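Everything on this sheet refers to the single structure shown next.
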Amino acid sequence: MIKHPHKILISKNKISKRTAALGQKITRDYQGKDLVVVCVLKGAFMFCADLIRHIGLPLQCEFFGISSYGAETQSSGIIKTTLDVSSPLHGKDILIVEDIVDTGLTIDYLIKTFSMRHPTSLKVCTLLLKPECLKTKVTIDYCGFEIGKNFVVGYGMDHAEKYRNASDLLLLFPKKR
Ligand code: IMP
Ligand code: MG
């Protein structure tokens, strides 16, 4: 049964400040590089749209669709590509932009997928990381916030495709899963 989310975990103001700081850091790190931001759909669309407005570089923005959860709050472990990027990425400096790294299986899959395309460099930026849930060792280059095990929605993130339009990051269930 879906309970209505109510509690704000991270406010839109906090998200906005942290996103600006990440954008400024990325701007410094990617001077003179051929930056391609790969927005992982659907969950990262809102974060990525805000983040790239804080990156002061002539970047290319691509979209990569992936689905791994279905209507459950636990990863199904089955990762499905739903949309590929629109141009070749060899020789580019790829920055994968994710909403959240939970078990790490999805980002691991994405890193492997994009490494095979021979980029000059490949890094990961995620708004959220759940360190206690990691099941595989992954390197996260830019992270907005580390959070606990709770399932979160809003600011692009969903539960059964709902709540993506909330401006704040919300806790779906008050209790830990
Ligand atoms: P992982 O493969 O377990 O790391 O899960 C990564 C993906 O699952 C993320 O890109 C999200 O789309 C989704 N996900 C994981 N945890 C949450 C959550 O708390 N709320 C919403 N989506 C989540
Ligand atoms: Mg995602």
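Start at 1 and go down the list; that is how both ligands and their atoms are numbered. The structure displayed is predicted, hence computed values, not measured ones. Throughout, residue positions are numbered sequentially from 1 according to the sequence presented.
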Between the main-chain N or O of Asn150 and the side-chain N or O of Lys130, is there a donor-acceptor pair closer than 3.5 Å? yes
Can you say whether the rings of Tyr142 and Tyr30 are parallel (under 30°), tilted (30 to 60°) or perpendicular (over 60°)? tilted
At a 4.0 Å cut-off, with the gap strictly under it, does some heavy atom of Leu172 reach an atom of ligand 1? no
Are Lys42 and Glu161 close enough for a salt bridge, meaning some N to O gap below 4.0 Å? yes
With rounding to the nearest 0.5 angstrom, report the CG to CZ distance, Leu41 to Phe45. 9.0 Å
Test of understanding: given a 4.0 Å heavy-atom threshold, classify the contact between Asp99 and ligand 1 as side chain, backbone, both, or neither. side chain
Can you tell me if Lys130 has a non-hydrogen atom under 4.0 Å from ligand 1? yes
Decide whether an N or O pair under 3.5 Å exists between Thr103 and ligand 1. yes
Looking only at distance, does Gly104 have an N or O less than 3.5 Å from an N or O of ligand 1? yes
Would you mind listing which atoms of ligand 1 come within a distance below 4.0 Å of any non-hydrogen atom of Asp158? 21 (C)
Rounded to the nearest 0.5 Å, how far apart are CE of Met46 and CG of Leu51? 14.5 Å
Could you tell me, atom by atom, which parts of ligand 1 come under 4.0 Å of a heavy atom of Glu98? 10 (O)
Val153-ligand 1 polar pair, N/O distance under 3.5 Å: no
Side chain to side chain donor-acceptor pair (under 3.5 Å) partners of Asp141, counting only residues at least two apart: none
Part of His159 within contact of ligand 1 (heavy atoms, under 4.0 Å): neither
Side-chain donor or acceptor of Asp93 paired with backbone N/O of Asp34 under 3.5 Å: yes
Hey, is Ile100 one of the residues with a heavy atom under 4.0 angstrom from ligand 1? yes
